[in-house]
Amino acid sequence: MNLLGRSLIAGKPGTTGGAVFHALNPATGAALEPAFCEASLPEVDAAVHAAADAFETSRLQPTEARARLLETMAAEIEALGDALLARAQAETGLPLPRLTGERARTCGQLRLFAAVVREGSWVDARIDPALPDRQPLPRPDLRRMLIALGPVAVFGASNFPLAFSVAGGDTASALAAGCPVVVKAHPAHPGTSELVAQAIARALVACGLPAGLFSLVHGGPAIALALVRHPALTAVAFTGSPAAGSALFAAAASRPHPIPVFAEMSGVNPLYLLPEALRERGAAIAAGLVGSFTLGVGQFCTKPGLIFAVRCEATDAFLPLLAAAVRAAPCGTLLTRGIRDAFEATQSAISQVQGLTLLAAADAAPDAGRTEGQPRVAWTTASTFLRQPELVRESFGPFTLVVIGDSPEELLACTRALDGQLTATVHGTAKDLDAAGSLLALLEQKAGRLLINGYPTGVEVSPAMHHGGPSPATTDARFTSVGTAALLRFARPICYQNFPAALLPPALQDGNPLRLMRLVNNVLTRD
């Protein structure tokens, strides 16, 4: 595949005048060709203006055009074949089976959103027909639905070069809602990003849609902030670190006309091990837990980074099983040198905390010539945890911390000290769970997804999934970045009052020509 090493502005290659950088192979440290040029500020301006122009025309097209585009994008990405996977592996160090599955997920969610667009009920059409004879006052004819916001900026994530990147869930859901997209590529995998961007550009041509519906820009913080501050932009979707997400949120809030930022910034995803569950299946839990926190070398936003248990015989028996599983775990390649350095710095800081003990580290030592992370687990007491707020900090890599309390009440106190989380997990038997009502009620206030007897890594793309949570896990706990409800981030309600029938959108017309499920006179119906 031919890589130009430039941004793609409404289907046209950008200039070569910006700062130059290379992708690095994290497994070898070698620079990958070609060199990539960062976008200029005028190119950012051109990309957003092209998106705004495209929005004015595309928003009036039938929804079938959007559905067809999403399906064509999936086909064009699949047509890239092994070249896409090879480039992604070179830029991330991720294994081919993982990347193959991620490509399938990416294309699958594009097709899923196409089906949602075709079915159409997501617009939440509501009709209250006029009641001219109502006393003491007549009711006007009121009809409400959701419509697209406008141009959206999407920021690619480091840890999912396909599924949370150029054609990932944010782009898919924004396009499904009818919004043009400008993607800021992640600098760790610019070649993968360009290949997918080219596939999207080809899909737009094949569908006869405006090229301005999609652009890709390369660049660092200055380009990111210029994009967020552009007056024609209407929303931002971001997956990444709290520092970067908070900076984008602040920039969007300080605009003359603020816009929403839907930032998913991860967390420590607490996991609770209740006594009877440890007695019955401690070995299985140890194996499953290590598999979860080392999955993807611990670089999943849903990694369980805090494990809570009450001191008892079952807990004492569990810790050696957990240590043995960690010692047997392999080292793995982290995505970038920056992630490796940050992981080691966090581990160094944690190791200095008084009252914290390293329980085990993998027997295999990380290769100094590769950006590898070594699986580790430490433990501390609940009282130490409550005195040391830095222990709540996420360690992005293959590490988890076990916190042992003297009583269930002490674990509740630890839970109250937690910030908002994407997930929270409880392992327990029926007897355990009967006694855990207070814990479960508290976790409902702390997390966006609660799991019983499972592991939070692995996020299903489905209508019922919620991938979000209270701050600082995300900037708006009401919305998800995974699943079909993700497109609601990029829509707003509009109400039409006493509109002539000929001027109403099809979704709100009498007779229901689109056969949508609608709320008519407070009754759900397809009539």
Side-chain angles (χ1 to χ4, degrees), residues 3-9 13-26 29 31-48 51 87-88 91-92 151-161 164-166 168 170-171 181-197 214-230 233 235-255 259 261-266 299 334-343 345 371 396 475:
L3 288 174
L4 301 176
R6 287 181 267 172
S7 299
L8 190 67
I9 311 299
T15 64
T16 58
V20 174
F21 68 100
H22 284 82
L24 298 177
N25 186 323
L32 300 172
E33 295 296 335
F36 286 83
C37 294
E38 292 190 356
S40 65
L41 294 179
E43 285 175 328
V44 172
D45 181 66
V48 182
R87 181 71 191 198
E91 290 185 328
T92 65
V152 172
V154 169
F155 288 79
S158 64
N159 56 343
F160 283 88
F164 280 84
S165 187
V166 176
D170 290 335
T171 296
V181 171
V182 179
V183 173
K184 212 288 284 183
H186 197 283
H189 41 78
T192 306
S193 297
E194 186 186 322
L195 289 174
V196 175
F214 175 84
S215 291
L216 174 81
V217 296
H218 295 288
I223 294 300
L225 291 174
L227 182 56
V228 171
R229 290 170 176 154
H230 196 289
L233 199 74
V236 175
F238 169 86
T239 300
S241 71
S246 297
L248 297 181
F249 183 80
S254 66
R255 292 165 41 123
I259 58 174
V261 174
F262 302 104
E264 187 263 279
M265 299 178 291
S266 188
Q299 299 169 111
L334 294 164
L335 291 160
T336 68
R337 290 178 180 173
I339 290 174
R340 189 269 312 275
D341 293 345
F343 176 66
T371 58
F396 195 65
T475 49

Of all residues at least two apart in sequence or in a different chain, which pass the ring-ring contact (aromatic ring centres under 6.0 Å, His included) check with F160?
F164, F300

If we ignore hydrogens and angles and just use 3.5 Å, is the side chain of [X] paired with the main-chain N or O of [Y] as donor and acceptor?
X: T239; Y: A157; value: no
X: S193; Y: A185; value: no
X: Q299; Y: L335; value: yes

Could you report the tightest heavy-atom contact between V48 and H230, atom names first, then the distance?
CG1-ND1, 3.4 Å

Between E91 and T192: side-chain donor-acceptor atoms closer than 3.5 Å:
yes

For T336, give me all partners under side chain to side chain donor-acceptor pair (under 3.5 Å), at least two apart in sequence or on another chain.
none

In the structure I gave you, are the side-chain heavy atoms of D170 and F262 within less than 4.5 Å of one another anywhere?
no

Taking C-beta and beyond as the side chain, do S246 and M265 meet within less than 4.5 Å on heavy atoms?
yes

Steps toward side chain to side chain contact (heavy atoms under 4.5 Å, CB included) verdict (L334, F396):
CA-CA 10 Å; L334 294 164; F396 195 65; over 6 Å; no

Full working for side chain to side chain contact (heavy atoms under 4.5 Å, CB included) between S158 and I339
CA-CA 10 Å; S158 64; I339 290 174; 3.9 Å; yes

So, using side chain to side chain contact (heavy atoms under 4.5 Å, CB included) as the criterion, who are the partners of A46 when residues are at least two apart?
I9

